[in-house]
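Position 1 is the first residue of the sequence, and the numbers go up from there. No experiment lies behind these values; they were computed from the predicted model shown.
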Amino acid sequence: MASIVRDKNGTRRILFVAPDGKRPTIRLGKVSQRIADSIKLRIENLLAAKIARHPIDGPTAEWLAGVDDKLYRKLVKVGLAPARDGATPKPASTLGPFLADYTAKRVDVKPATREVWQQVVRNLNDHFGSERDMATITEGDADDFKLFLIREGLATTTVHKRLQFARMFFRAAKRHKLVALNPFAEVSASAAVDESRQRFVSQDEINRILDVCDPTWRTIVALCRYGGLRCPSEVLSLRRQDVDWVRGRMAVRSPKTEHHPGKASRTIPIFAELRPYLFEAFELAPEGTEYVVGGGYREASNTPSGWRNCNLRTQFERLVKRAGLEPWPRLFYALRASRETELAQTFPLHVVTAWLGNTPRIAMKHYLQVTDGDFERAVGGDQKAVQKAAHVPAKAVQNAAQHAAAGDRTASHNRAQAKGHQPVGAMACDSMRKCTNEQNGEDRIRTCGPVSRSRV
């Protein structure tokens with residue numbers, strides 16, 4: 001919108017296109033490039049507010065109030081500021097313009113994060129109105145906004161997250177003296193994990209899916225399920241040079257966490273289950289290929305505003321159905337969570353989270369699951385020791401299983417006894433005699449009746 005010109009004598013001036021189409025000039029004199037850039041940014045903000053017919057943002061209003069009279073008169077002359085004999089411009093406390101300005105200038109976050117913020121920005125504007133003075137929003141209004149989100153049918157975790165963002169926006173407004181208090185300071189919603197959306201994908205299930213995949217998709221699925229990589233960002237960022245076959249390791253680049261110190265990448269083992277699929281990808285790749293996963297998916301997914309699934313989810317859902325399975329919620333997330341759950345059963349949690357790129361707290365809350373295999377290992381350990389400790393004979397367990405399986409037959413047997421009839425082949429004795437095996441010291445129970453006489 002504006003540009004800086006440096007003259008031969010060392011002075012600098014700023015050129016811009018005014019709303020009427022003219023090209024005014026603001027001469028700055030001999031100033032450094034850094035100062036000229038700072039003034040240029042403020043001029044662009046003033047010009048944008050003038051074109052949009054919105055109040056100027058808080059930081060620009062504060063800057064304008066503090067500039068020296070010489071520069072201020074130049075801004076007045078080109079129509080970017082009112083004369084100082086009038087009221088000093090006040091920072092904008094209008095909801096819509098503030099939110100737009102705040103999200104636009106947060107260059108310290110990922111574009112995908114700003115895009116997520118736009119969801120709650122839209123909610124706030126829809127509920128309060130974009131022209132609402134932020135200073136008039138009360139704590140009661142914030143409570144009503146929470147109920148508004150709930151009525152929209154959003155999950156509790158989503159409501160929790162959007163209230164968190166709203167709290168952040170108003171905290172920034174408070175720092176800029178636009179509001180006296182943060183109405184969202186004490187408004188929150190529980191972020192309970194929805195267990196209905198959790199799914200452990202077993203190795204048998206994933207192998208059925210791998211059997212119906214082409215080579216490219218076998219690599220994608222194996223990296224997610226057996227490598228625990230995030231999809232699409234980490235899967236599609238893996239380069240051939242990141243794989244160290246000699247040491248059995250590979251470097252995983254993490255676009256999601258790269259803006260955190262020391263979190264741009266991590267090193268993980270080439271797990272035994274992953275190795276054959278990774279080896280296949282190397283064998284089939286054309287000469288000179290840079291990335292492990294080809295097929296044009298990286299070019300389609302890595303957009304300027306962040307990573308996108310770009311039909312990956314839709315295609316994977318087709319593969320799941322082709323394998324004879326029912327698609328589950330959060331398809332790729334479940335693969336990563338399943339891998340972390342498996343690894344946590346073998347390795348210390350701090351090692352697992354270092355490999356997967358999250359923290360023990362996040363792993364415990366969102367990733368780790370109790371599986372059927374956990375129950376099977378618990379009851380299928382030293383079965384004799386379990387029975388002895390609990391004084392439960394094996395035959396009693398067998399009888400319980402037989403009666404549970406009998407169902408209607410047991411009911412018929414009970415009805416026959418109620419009428420005074422004995423079942424055919426039944427013995428007269430209905431009692432149980434307990435005897436002690438002197439040789440091994442174990443209790444044995446012998447049952448007289450129509451049940452099996454097999455030894456315990």
Side-chain angles (χ1 to χ4, degrees), residues 195-240 242-243 245 248 250 252-253 268-287 289-303 307-346 355-357 367-374 376:
E195 294 186 359
S196 66
R197 292 175 58 80
Q198 290 185 325
R199 173 69 150 79
F200 181 82
V201 184
S202 69
Q203 294 196 14
D204 289 340
E205 291 174 318
I206 209 64
N207 288 337
R208 288 171 58 182
I209 296 172
L210 289 167
D211 287 342
V212 300
C213 291
D214 61 25
T216 298
W217 267 97
R218 275 198 296 274
T219 307
I220 294 174
V221 174
L223 287 171
C224 293
R225 179 57 180 83
Y226 291 136
L229 273 62
R230 295 181 177 97
C231 188
S233 61
E234 293 179 353
V235 169
L236 301 182
S237 296
L238 184 65
R239 302 180 303 176
R240 291 167 60 88
D242 297 330
V243 180
W245 290 103
M250 62 185 190
V252 177
R253 300 172 184 271
I268 71 170
I270 302 177
F271 299 103
E273 303 95 330
L274 174 62
R275 179 178 290 270
Y277 301 102
L278 195 59
F279 185 79
E280 179 190 39
F282 270 67
E283 287 292 300
L284 298 180
E287 190 68 29
T289 300
E290 179 180 5
Y291 292 95
V292 173
V293 176
Y297 287 112
R298 177 179 172 82
E299 292 74 14
S301 300
N302 192 12
T303 68
W307 286 89
R308 295 290 180 272
N309 276 300
C310 288
N311 212 34
L312 286 174
R313 184 184 293 108
T314 303
Q315 178 61 19
F316 186 42
E317 190 172 280
R318 293 193 189 102
L319 294 171
V320 172
K321 292 180 179 178
R322 192 180 303 167
L325 301 172
E326 186 67 25
W328 51 83
R330 300 186 295 180
L331 287 168
F332 293 107
Y333 178 92
L335 301 186
R336 176 172 157 83
S338 300
R339 187 50 170 166
E340 186 155 20
T341 298
E342 284 180 345
L343 294 175
Q345 295 169 353
T346 306
W355 288 342
L356 272 290
Y367 283 84
L368 302 185
Q369 305 170 50
V370 178
T371 68
D372 290 339
D374 295 324
E376 292 170 2

Novice: Mind checking whether Phe271 and Trp355 have ring centres under 6.0 Å apart?
Specialist: yes
Novice: Please enumerate all residues that pass side chain to side chain contact (heavy atoms under 4.5 Å, CB included) together with Phe282, with sequence neighbours excluded.
Specialist: Arg240, Val243, Trp245, Leu278, Val292
Novice: Nearest 0.5 Å, what's the OG-CG distance between Ser233 and Leu238?
Specialist: 11.5 Å
Novice: Going from OG on Ser202 to CG on Asn207, what distance comes out if it is rounded to the nearest 0.5 angstrom?
Specialist: 8.5 Å
Novice: Less than 4.5 Å apart, side chain to side chain, heavy atoms only: is that true for Leu223 and Arg336?
Specialist: no
Novice: Check this for me, if you would: do Arg225 and Glu342 make a salt bridge, where the nitrogen-to-carboxylate-oxygen distance has to be below 4.0 angstrom?
Specialist: yes
Novice: For the residue pair Cys224 and Phe332, what are the closest heavy atoms and their distance?
Specialist: SG-CD2, 3.9 Å
Novice: How close do Thr219 and Ala281 get, counting heavy atoms only, and between which atoms?
Specialist: OG1-CB, 3.4 Å
Novice: Walk me through whether Leu331 and Leu335 qualify under side chain to side chain contact (heavy atoms under 4.5 Å, CB included).
Specialist: CA-CA 7 Å; Leu331 287 168; Leu335 301 186; over 6 Å; no
Novice: Specify the closest pair of heavy atoms between Leu284 and Pro215, including all atoms of both residues, with the distance to one decimal.
Specialist: CD1-CB, 3.6 Å
Novice: For the atom pair CG (Leu356) and CD (Glu340), what is the distance rounded to the nearest 0.5 Å?
Specialist: 4.0 Å
Novice: For the atom pair CG (Leu210) and CD (Gln203), what is the distance rounded to the nearest 0.5 Å?
Specialist: 10.0 Å
Novice: Do the side chains of Val201 and Trp328 get nearer than 4.5 Å, heavy atoms only?
Specialist: yes
Novice: From Leu229 CG over to Leu274 CG, what is the distance, rounded to the nearest 0.5 angstrom?
Specialist: 8.5 Å
Novice: Using 0.5 Å steps for rounding, measure from the CG atom of Leu325 to the CD1 atom of Ile209.
Specialist: 5.0 Å
Novice: Can you say whether the rings of Trp217 and Phe316 are parallel (under 30°), tilted (30 to 60°) or perpendicular (over 60°)?
Specialist: parallel
Novice: Kindly say whether Ala285 contributes a backbone atom to a donor-acceptor pair with the side chain of Thr289 at under 3.5 angstrom?
Specialist: no
Novice: Applying salt bridge (Lys or Arg N to Asp or Glu O under 4.0 Å) as the test, list every pair that has at least one member in residues 204-217; sequence neighbours left out.
Specialist: Arg199-Glu205
Novice: Does any part of the side chain of Asp242, heavy atoms only, come nearer than 4.5 Å to the side chain of Val252, both counted from C-beta?
Specialist: no
Novice: In sequence, state the C-alpha distance, the side-chain angles, and the governing distance for Val235 and Arg230, and then conclude on side chain to side chain contact (heavy atoms under 4.5 Å, CB included).
Specialist: CA-CA 6 Å; Val235 169; Arg230 295 181 177 97; over 6 Å; no
Novice: Can any side-chain N or O of Arg339 pair as donor or acceptor with the backbone N or O of Gly227 at less than 3.5 Å?
Specialist: no
Novice: Would you mind listing every side-chain hydrogen bond (donor to acceptor under 3.5 Å, both in side chains) that reaches into residues 316-325, with sequence neighbours excluded?
Specialist: Gln315-Arg318
